[in-house]
Amino acid sequence: MELDLDESSLAIGRIERALSRIEKALGDRANRPAPAVAAPAADQSALKAEVAAVIGELDRLIAEADRG
Amino acid sequence: MADVKLTIAGRPYDVHCADGEESQLIHLASVVDEKVRTMPGGTEVRQLLFAALMLADEAQEARGKVEKAEPQSDSLRAAVALAESREAAARDELKAAIAREQAALKELQAARDAAPTAPATVNPTHNRALMQIADRIETLATKVEQLP
């Protein structure tokens, strides 16, 4: 069971590091001049949909954990 | 018993006293002798009478001063007693606080010891879900980093 605890800690650590990477990438992007070629609209929509889906999954997990 | 030879107003006297009290008796005789010498002329008996009266007056005056001072010393004694009782109360409070601290520390230690042995709250399904979310967010991070 301690392995389970370690797994959750590991997962949370990975999530925190990935969020930092996203934060840094978005910060860098905001500070540099606008690119000549923008990302295709379909890619941007897919990205937004994935972000929304992950947030939804996290919310569901938190609600489940709260209920015990 | 000890024999002491005293001289008061020029006349010698043989006096007995308890062993060890000789020097005190000699000192008292010197006080009387000094007082007699300050008395104006007249007969030896008259000088001794006045010396005795003067010494009695001084003794009474000293007694009056002691009686006046007694209430003050009573107040001091009461203040000391109050301070002692306050100190005792403070010491008791301190002991109680230390006991509470130790109890809290024990509770904390017990909780810390018990923490690793409480796996019932861990849900393996949640762990798997968390791992999957970590995978998805890492993929998202890579995609965001590759945005033009």
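This is a predicted model, so every value here is computed, not measured. Lettering follows sequence order; numbering is per chain, from 1.
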Quick one: does A:I12's side chain get under 4.5 Å of B:L130's, heavy atoms only?
yes
Check whether any side-chain heavy atom of B:R128 lies under 4.5 Å from a side-chain heavy atom of B:M131, and answer yes or no.
no
Answer yes if B:I8 and B:M54 sit in the same cluster of Ile, Leu, Val, Met, Phe, Trp and Tyr residues linked by side chain heavy atoms under 4.5 Å apart, and no otherwise.
no
Going by heavy atoms in the side chains, are A:R21 and B:T142 under 4.5 Å from each other?
yes
Counting only heavy atoms closer than 4.5 Å, note whether B:T125 contacts chain A via side chain, backbone, both or neither.
neither
Could you look at A:L19 and say if it's the side chain, the backbone, both or neither that has a heavy atom under 4.5 Å from chain B?
both
Quick one: of A:E57, A:R60, A:E50, who has the most non-hydrogen atom pairs under 4.5 Å with chain B?
A:E50
